[in-house]
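So the structure is just underneath, and the comments pick up after that.
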Protein chains: 2
Amino acid sequence: MTGTVAAPGDDPLLLDRQVCFPLYAATNLLNRLYGPVLKPLGLTYPQYLVMLVLWEDEPQTVGSLGARLYLDSGTLTPLLKRMEAAGLVSRTRDAEDERRVLIGLTEQGRALRADALHVPETIAGGRSPEGLDELREGVRKLVAMLAAPGAEG
Amino acid sequence: MTGTVAAPGDDPLLLDRQVCFPLYAATNLLNRLYGPVLKPLGLTYPQYLVMLVLWEDEPQTVGSLGARLYLDSGTLTPLLKRMEAAGLVSRTRDAEDERRVLIGLTEQGRALRADALHVPETIAGGRSPEGLDELREGVRKLVAMLAAPGAEG
DNA sequence: ATCAATTATATTGCGTACAATATGAATGAT
DNA sequence: ATCATTCATATTGTACGCAATATAATTGAT
């Protein structure tokens, strides 16, 4: 039986059996969906997430932003520099601990919140919210599972 | 009430109210999880997805790969060139229609399937499969919704 | 007080993603 | 047959995302 492939029901490599592929595809599609909506605000999707975090609590260190968004300085540093160049955030060394950099909002960054209020509604569009709450909870549980290093089960 | 922010329960901009953020975070975490597992095979995660598709059906055009993975030539062309350079796939103009490029597997690419069989199990690790089927279905429905242009509901 | 270990951020290099554009091949109306 | 249109892929430019490494500040053991 050389070259025989497992029966469809048992083949672990079928694309449609992967949990991760729909996540991957959904994230790409969402990015494409957010792009045109966020562009008038001068934001990319990860930049929008940073703004969401800062609108909740500010200033914050690069590290606490990363902990919230599951990103590290390799991603955040250049992103935050672009946002600083765009006039949305400020980056200042923490006088208490010179290793830390505090990210705060500029007036322009604070003002942008009003323009962003319509974004969730625009993204939701005519789509029904049915199942979205469960979906969000399901994915959140997955994130918690994946984020816990060495978590079993 | 100038400057007043909506009550927490009503604020549409709270990070924890976003459906998209858990998806985004989960995809990033999964990428980090797959990285070390796929590295010995010489694959990145999107390259692994391409291999999954080709192991199912081969050869395929760039366009049909993109339709299956929700990616366009801007992403696939350089990715496939790297996979060609790595000796995993072949890229040949379709003689029937010179616009198309057929992507096939090399012997090495076909042989890699045996090494990849352990990947799903390794990724699943000790994690319980509970809820994963529902989650996959939930995300798949979301993908179908997002992929349908102008879909309502 | 000293210095090894730790912590927080930055940098480098590589590989995606995608919008916008370009190029060349097939199609179709006339 | 001609040529505008459409189609399939490639290219360019910008912005992530991450592993690996670097740098500077703080902590902690002695």
Side-chain angles (χ1 to χ4, degrees), chain A residues 23-40 42-50 59-67 69-86 88-89 91-103 146-147, chain B residues 23-40 42-50 59-67 69-86 88 91-103 146:
Chain A
L23 279 170
Y24 168 84
T27 299
N28 285 344
L29 291 168
L30 278 171
N31 240 318
R32 258 172 273 179
L33 198 59
Y34 271 95
V37 177
L38 293 176
K39 185 157 193 176
L43 292 173
T44 65
Y45 184 64
Q47 290 174 7
Y48 171 67
L49 292 179
V50 166
Q60 291 196 42
T61 65
V62 173
S64 62
L65 280 173
L69 299 176
Y70 304 95
L71 295 172
D72 66 5
S73 74
T75 299
L76 284 175
T77 295
L79 184 153
L80 291 168
K81 282 184 175 179
R82 280 187 287 270
M83 293 178 75
E84 183 186 33
L88 296 174
V89 305
R91 298 169 63 249
T92 50
R93 283 279 161 189
D94 185 350
E96 307 275 316
D97 184 340
E98 292 270 341
R99 291 172 303 183
R100 296 196 282 224
V101 170
L102 291 173
I103 309 297
L146 294 174
Chain B
L23 279 170
Y24 167 85
T27 300
N28 286 344
L29 290 167
L30 279 170
N31 239 318
R32 259 171 273 180
L33 198 59
Y34 271 95
V37 177
L38 294 176
K39 186 158 193 175
L43 292 173
T44 65
Y45 183 64
Q47 289 173 8
Y48 172 67
L49 292 178
V50 167
Q60 290 197 42
T61 65
V62 174
S64 62
L65 280 173
L69 299 176
Y70 303 97
L71 295 172
D72 65 4
S73 73
T75 298
L76 285 174
T77 295
L79 184 153
L80 291 168
K81 282 184 174 177
R82 280 187 286 270
M83 293 178 76
E84 183 186 35
L88 295 174
R91 299 169 62 248
T92 50
R93 283 279 160 191
D94 186 351
E96 308 275 315
D97 184 339
E98 293 270 342
R99 291 173 302 180
R100 295 195 283 223
V101 171
L102 291 174
I103 309 297
L146 294 175

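Residue numbers begin at 1 in each chain, while the letters A, B, ... track the order of the sequences. Keep in mind it's a predicted model, so treat the numbers as computed, not measured. Side chains are part of it too, since the values below use all heavy atoms of this structure and drop only hydrogens, waters and symmetry mates.
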NA contact type, [X], heavy-atom cut-off 4.0 Å: base, sugar-phosphate, or nothing?
{"X": "B/Gly63", "answer": "sugar-phosphate"}
{"X": "A/Tyr34", "answer": "nothing"}
{"X": "B/Thr44", "answer": "sugar-phosphate"}
{"X": "A/Asp97", "answer": "sugar-phosphate"}

Heavy-atom closest contact (B/Gln47 atom, B/Leu43 atom, distance): OE1-CA, 3.6 Å
Out of [options], which nucleotide sits closest to the side chain of [X]?
{"X": "B/Ser73", "options": "D/dA10, C/dA25, C/dT11", "value": "D/dA10"}
{"X": "B/Arg93", "options": "D/dA24, D/dC7, D/dT9", "value": "D/dT9"}
{"X": "B/Val62", "options": "D/dA10, C/dA10, D/dG17", "value": "D/dA10"}
{"X": "B/Asn28", "options": "C/dT16, D/dC18, D/dT9", "value": "D/dC18"}
{"X": "B/Val101", "options": "D/dT9, D/dC16, C/dT9", "value": "D/dT9"}
{"X": "B/Pro46", "options": "C/dA17, C/dA25, D/dG17", "value": "C/dA17"}
{"X": "A/Thr75", "options": "C/dT7, D/dC18, C/dT9", "value": "D/dC18"}

A/Ile103/A/Arg91 under side-chain contact (heavy atoms from CB on, under 4.5 Å): CA gap, chis, key distance, verdict: CA-CA 5 Å; A/Ile103 309 297; A/Arg91 298 169 63 249; 3.6 Å; yes
Residue mapping more 5' on DNA chain D - nearest nucleotide basis, A/Tyr45 or B/Lys81: B/Lys81
Check the distance between [N]'s [atom2] and [X]'s [atom1] and give it to me in whole angstrom.
{"X": "A/Tyr70", "N": "D/dC16", "atom1": "OH", "atom2": "P", "value": "20 Å"}
{"X": "B/Arg100", "N": "C/dA26", "atom1": "CZ", "atom2": "P", "value": "10 Å"}
{"X": "B/Asp72", "N": "D/dT11", "atom1": "CG", "atom2": "P", "value": "14 Å"}
{"X": "A/Leu76", "N": "C/dA10", "atom1": "CG", "atom2": "C1'", "value": "12 Å"}
{"X": "B/Leu65", "N": "D/dT9", "atom1": "CG", "atom2": "C1'", "value": "13 Å"}
{"X": "B/Leu43", "N": "D/dA19", "atom1": "CG", "atom2": "C1'", "value": "17 Å"}
{"X": "B/Glu98", "N": "C/dT27", "atom1": "CD", "atom2": "P", "value": "12 Å"}
{"X": "B/Lys39", "N": "C/dC14", "atom1": "NZ", "atom2": "C1'", "value": "10 Å"}

Phosphate-side-chain proximity, B/Arg99 and D/dT6, N/O vs OP1/OP2 below 4.0 Å: no
Student check: side-chain heavy atoms of B/Tyr45 and B/Thr27 closer than 4.5 Å: no
Flag side-chain contact, heavy atom, 4.5 Å: B/Asn28 against A/Leu69: no
5' priority, DNA chain C, between A/Arg32 and A/Pro78 [closest heavy atom]: A/Pro78
Rounded distance (nearest 0.5 Å) linking atom CZ of A/Arg100 with atom CD of A/Glu98: 11.0 Å
Distance in Å, B/Leu80 CG paired with B/Thr75 OG1, rounded so as to fall on 0.5 Å steps: 10.5 Å
